[in-house]
Amino acid sequence: MYLGVDLGGTAIKVGLCDAEGNLLSTYEGPTGTEHGSDVVLENIAQYARKIVSDSAYTWEQVAGIGAGIAGFMDIPEGFIKLSPNLGWRNVPVKRILEEKLGKPVKIDNDANVAALGEAWAGAGKNIPNLVCYTLGTGVGGGIIVNGRIYQGFNGMAGELGHIPLVPDLEAVVCGCGKKGCLETVSSATGIVRMAKEAVERGEHTSLALIEQLAAKDVFDAAKTGDETAGRIINRAALYIARSMAIVSVIVNPQRFVVGGGVSKAGDILFDAIRSYYRECAQETSQEGVDIVPAILGNDAGVVGAAGLNLRS
Ligand SMILES: [Zn+2]
């Protein structure tokens, strides 16, 4: 049995998986971020013991524990250097959890872990080489090579949201401080930004009538034929497809898996991504390659975290 921990800013989700990646049960409790890292790590330990004691299995049957955490980290050391959403700096997660739980602990960033979840038991099952995008507030990514997460030299491999591809004249500054990153156009935040700009320019669009614009409003408007909304969605899709064309000649994955809140838009987004990808990716690099939606949803994090002890 393998235990996965999805450590978020407000909730900790733990999941119990078997050795094939089947998710048997989950348990969720508050993170307790405001009480500091000692309390948060103690909460993880308690939820981990609880999910096992509530199951048909014993603690002895747990072979390892993995945790997915947003932030910058030393992955082999299991050490969080900086996690803005937890307010953590220099927290030795692996060491503390191993002391508390007496099991091997591995950590990785949340996007890598979600990619591993999809590769192990989701939309990428039995596909050894795949690349996963998570389109949400930002754009996350994970690269799976030969069934394992590819982390790179210092853990930055798969940070697909920061591929700089928007031409200078159209580029805006990204949260990372650089200009023209993929996530400035293809995240929910980027889509909303482009929509607000179009409204401010006085474009004739139904989006002007919506007060608290969300990415979903832009997709909904595009589906009803709103030209401005359609153009924004196409632009978001175009840059994802271009990034995939780049990734295809570096990693040559067999499949792209796209998840996250924005991916719920469905066909309107996927059809556009696929068509731009066919148009711009080098031909041999796209032969036999498909682009599919993620299927594990919010469970990808716990499943992938559980898989860290087997496949990272
Ligand atoms: Zn960036």
Donor-acceptor under 3.5 Å ([X] side chain, [Y] main chain):
{"X": "Asp18", "Y": "Gly21", "value": "yes"}
{"X": "Thr184", "Y": "Gly190", "value": "no"}
{"X": "Glu183", "Y": "Gly138", "value": "no"}
{"X": "Glu98", "Y": "Val105", "value": "yes"}

Distance-only polar pair, side chains of [X] and [Y], donor-acceptor under 3.5 Å:
{"X": "Asp108", "Y": "Gln151", "answer": "yes"}
{"X": "Asp226", "Y": "Thr205", "answer": "yes"}
{"X": "Ser248", "Y": "Tyr277", "answer": "yes"}

[atom2] on [Y] to [atom1] on [X], rounded to 0.5 Å:
{"X": "Ser37", "Y": "Asn43", "atom1": "OG", "atom2": "CG", "result": "11.5 Å"}
{"X": "Ile144", "Y": "Leu130", "atom1": "CD1", "atom2": "CG", "result": "5.5 Å"}
{"X": "Glu118", "Y": "Asp299", "atom1": "CD", "atom2": "CG", "result": "10.0 Å"}
{"X": "Ile273", "Y": "Leu238", "atom1": "CD1", "atom2": "CG", "result": "10.5 Å"}
{"X": "Lys13", "Y": "Thr31", "atom1": "NZ", "atom2": "OG1", "result": "12.5 Å"}
{"X": "Arg278", "Y": "Ile291", "atom1": "CZ", "atom2": "CD1", "result": "6.0 Å"}

Heavy-atom count check: over 12 atoms from other residues, nucleotides or ligands less than 6.0 Å from [X] [atom1]?
{"X": "Lys216", "atom1": "NZ", "result": "no"}
{"X": "Asn90", "atom1": "CG", "result": "yes"}
{"X": "Tyr57", "atom1": "OH", "result": "no"}
{"X": "Tyr150", "atom1": "OH", "result": "no"}

Could you tell me whether Glu170 and Lys179 make a salt bridge, using a distance below 4.0 angstrom between a side-chain N and a carboxylate O?
no
Taking only Lys NZ, Arg NE, NH1 and NH2, and the carboxylate oxygens of Asp or Glu, determine whether Glu200 and Lys196 approach each other closer than 4.0 Å.
no
Between Asp110 and Asp6, is a side-chain contact (heavy atoms from CB on, under 4.5 Å) present by the stated rule, with each step listed?
CA-CA 8 Å; Asp110 51 348; Asp6 183 349; 5.6 Å; no
Start with the C-alpha gap between Ile107 and Leu97, add the side-chain angles, then the distance that decides, and say whether side-chain contact (heavy atoms from CB on, under 4.5 Å) holds.
CA-CA 11 Å; Ile107 67 168; Leu97 285 180; 5.8 Å; no
Just so I know, are the side chains of [X] and [Y] near enough to count as touching, which here means a heavy-atom distance under 4.5 Å?
{"X": "Val166", "Y": "Leu182", "value": "no"}
{"X": "Glu20", "Y": "Leu310", "value": "no"}
{"X": "Val139", "Y": "Thr134", "value": "no"}
{"X": "Ile51", "Y": "Ser25", "value": "yes"}
{"X": "Ser83", "Y": "Phe72", "value": "no"}
{"X": "Ser186", "Y": "Tyr133", "value": "no"}
{"X": "Val40", "Y": "Ile12", "value": "yes"}
{"X": "His162", "Y": "Lys178", "value": "no"}

Pair Glu42, Lys100 - check salt bridge (charged side-chain N to carboxylate O under 4.0 Å, His left out), show working.
CA-CA 8 Å; Glu42 182 53 34; Lys100 284 184 190 291; 2.7 Å; yes
Please test Leu16 against Leu23 for side-chain contact (heavy atoms from CB on, under 4.5 Å), starting from the C-alpha separation and ending with a verdict.
CA-CA 6 Å; Leu16 189 60; Leu23 183 59; 5.9 Å; no
Would Arg242 pass as a cation-pi partner of Tyr239, given that its NZ or CZ must be under 6.0 Å from the six-membered ring centre and within 45 degrees of the axis?
yes
Which salt bridge (charged side-chain N to carboxylate O under 4.0 Å, His left out) pairs, counting each pair once, include a residue from residues 244-259, with sequence neighbours left out?
Arg255-Asp290
Pairs flagged by salt bridge (charged side-chain N to carboxylate O under 4.0 Å, His left out) wherever residues 51-74 is involved - sequence neighbours left out:
Lys50-Asp54
Test salt bridge (charged side-chain N to carboxylate O under 4.0 Å, His left out) on Glu99 and Arg95; report intermediate values, then the result.
CA-CA 6 Å; Glu99 278 169 18; Arg95 182 175 62 74; 3.1 Å; yes
